[in-house]
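Read the structure below first, then the notes.
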Amino acid sequence: MAQGRGILLLLCMLVLYSVSEMAHAKTYMVGGEFGWNYTVNMTTWPNGKSFRTGDILVFYYITYDNVVIVDEAGYNSCRAPKGSITYRSGNDHIALARGPNYFICTNQDHCSLNGMKIAVNAI
Ligand SMILES: *[C@@H]1O[C@H](CO)[C@@H](O)[C@H](O)[C@H]1NC(C)=O
Ligand SMILES: *[C@@H]1O[C@H](CO)[C@@H](O)[C@H](O)[C@H]1NC(C)=O
Ligand SMILES: [Cu+2]
């Protein structure tokens with residue numbers, strides 16, 4: 001019985017801990033007031049910010065654009081492999097994974113010509 005209570009207490013603490021972790025998650029509007037926007041070079045947007053795993057990036061844009069999750073090679077080459085996860089809603093909330101996260105727009109040549117891409121490292 002006492003052991004059962006101990007486990008229950010542990011579970012409660014675990015749940016509380018995860019909830020407080022979630023509460024710590026910050027939300028960032030990518031590109032600030034202009035949003036995810038090909039008229040602005042997006043690559044410098046992450047500069048000076050520090051991101052944590054689980055923080056939310058909000059990509060707000062006209063649906064002419066998109067957000068594609070790529071790896072470092074995709075980021076550098078501005079190419080997304082077939083089957084890459086692609087967001088198109090114009091208001092996408094994406095939680096950061098631990099480590100490097102890369103996002104590009106694959107519409108037209110926005111990525112290569114306009115710098116419509118970001119690399120974000122989450123600790
Ligand atoms: C994109 O950025 C420009 C400024 O460079 C701004 O005028 C325009 O409203 C932005 N577009 C959207 C959809 O917010
Ligand atoms: C965007 O800005 C970065 C950093 O200043 C620069 O290296 C890059 O060439 C720019 N990209 C474009 C397409 O202008
Ligand atoms: Cu674009």
Side-chain angles (χ1 to χ4, degrees):
M1 249 338 196
Q3 205 183 2
R5 267 194 205 169
I7 289 172
L8 199 66
L9 191 68
L10 205 70
L11 277 175
C12 283
M13 281 165 65
L14 210 69
V15 167
L16 277 179
Y17 176 76
S18 346
V19 168
S20 71
E21 276 296 280
M22 277 185 250
H24 281 154
K26 283 194 184 143
T27 299
Y28 294 89
M29 179 79 155
V30 177
E33 60 179 314
F34 297 128
W36 179 240
N37 185 327
Y38 81 97
T39 68
V40 183
N41 183 337
M42 293 278 133
T43 60
T44 55
W45 174 78
N47 293 355
K49 299 179 181 66
S50 56
F51 300 92
R52 301 189 73 95
T53 307
D55 281 352
I56 308 290
L57 297 191
V58 177
F59 292 83
Y60 192 75
Y61 55 94
I62 44 174
T63 52
Y64 174 67
D65 293 309
N66 63 19
V67 182
V68 183
I69 295 185
V70 292
D71 61 9
E72 187 180 11
Y75 177 83
N76 290 328
S77 65
C78 282
R79 281 174 213 276
K82 264 207 174 79
S84 297
I85 296 171
T86 303
Y87 296 85
R88 300 187 179 84
S89 81
N91 187 1
D92 307 317
H93 294 230
I94 305 175
L96 291 174
R98 190 175 300 279
N101 294 255
Y102 301 98
F103 306 94
I104 69 173
C105 172
T106 60
N107 183 36
Q108 309 269 358
D109 289 322
H110 290 174
C111 179
S112 52
L113 293 184
N114 306 93
M116 198 172 186
K117 60 178 182 177
I118 55 167
V120 167
N121 191 58
I123 54 167

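A quick note: this is a predicted structure, and the numbers were derived from the prediction, not measured. Just follow the structure's listing: the first ligand is 1, and inside any ligand the first atom is 1.
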**Study point:** Residue Gly115 vicinity, atoms of ligand 2 by number, heavy atom under 4.0 Å
**Key:** 13 (C)
Check your understanding: Between Ser89 and Asp92, does any side-chain donor sit less than 3.5 Å from a side-chain acceptor?
Key -> yes
Review point. Got an N/O contact under 3.5 Å between Asn114 and ligand 2?
Key: no
Review point. Looking only at protein heavy atoms, which one is nearest to atom 4 (C) of ligand 2, and how far off is it?
Key: Thr44 CG2, 3.7 Å
**Study point:** Backbone of Leu96 reached by a side-chain donor or acceptor of Asn101 within 3.5 Å
**Key:** no
Review point. Which ligand 1 atoms are under 4.0 Å away from a heavy-atom of Thr39?
Key: 1 (C), 2 (O), 3 (C), 4 (C), 5 (O)
Review point. Within a strict 4.5 Å, meaning less than it, do heavy atoms of the Thr63 and Arg88 side chains meet?
Key: no
Review point. Can you tell me the protein heavy atom closest to atom 14 (O) of ligand 1 and the distance?
Key: Phe34 O, 3.5 Å
Review point. What is the SG(Cys105)-the Cu ion (ligand 3)-OD1(Asp65) angle, to the nearest 10 degrees?
Key: 110°
Point to revise | Nearest neighbour in protein (non-hydrogen) for atom 13 (C) of ligand 2 | key: Leu113 O, 3.2 Å
Review point. Nearest protein heavy atom to atom 3 (C) of ligand 2, by residue and atom, and its distance?
Key: Thr43 OG1, 3.4 Å
Review point. What do you reckon, does Asn41 have a nitrogen or oxygen under 3.5 Å from a nitrogen or oxygen of ligand 2?
Key: yes
Review point. Above 12 or not: heavy atoms from other molecules or residues under 6.0 Å from CD1 of Ile85?
Key: no
Review point. Relative to each other, are the rings of Tyr38 and His110 parallel, tilted or perpendicular (30° and 60° limits)?
Key: parallel
Practice item. Count the heavy atoms of every other residue, nucleotide or ligand shown that sit under 6.0 Å from CZ of Phe51, and state whether that count exceeds 12. Key: yes
Practice item. Could you tell me whether the SG atom of Cys111 lies less than 2.5 angstrom from the SG atom of Cys105? Key: no
**Study point:** Close-contact set for ligand 2 against Ser112 heavy atoms, below 4.0 Å
**Key:** 13 (C)
Study note, to complete from the structure: Counting from 1 in the order shown, the ligand 1 atoms closer than 4.0 Å to a non-hydrogen atom of Asn37 are 1 (C), 2 (O), 3 (C), 8 (C), 10 (C), 11 (N), 12 (C), 14 (O)
Review point. Of all the atoms in Met116, is at least one N, O or S atom closer to the Cu ion (ligand 3) than 2.8 Å?
Key: yes
Practice item. Look at the side chain of Asp71 and the backbone N and O of Ala73, then say whether any donor-acceptor pair between them is shorter than 3.5 Å. Key: yes
Practice item. Name whichever N, O or S atom of His110 ends up nearest to the Cu ion (ligand 3). Key: ND1
Practice item. Measure from atom 9 (O) of ligand 1 to the protein's non-hydrogen atoms and state whether any distance is below 4.0 Å. Key: no
Exercise for review: Report yes if some heavy atom in the side chain of Phe59 is under 4.5 Å from a heavy atom in the side chain of Asp65; otherwise report no.
Suggested key: no
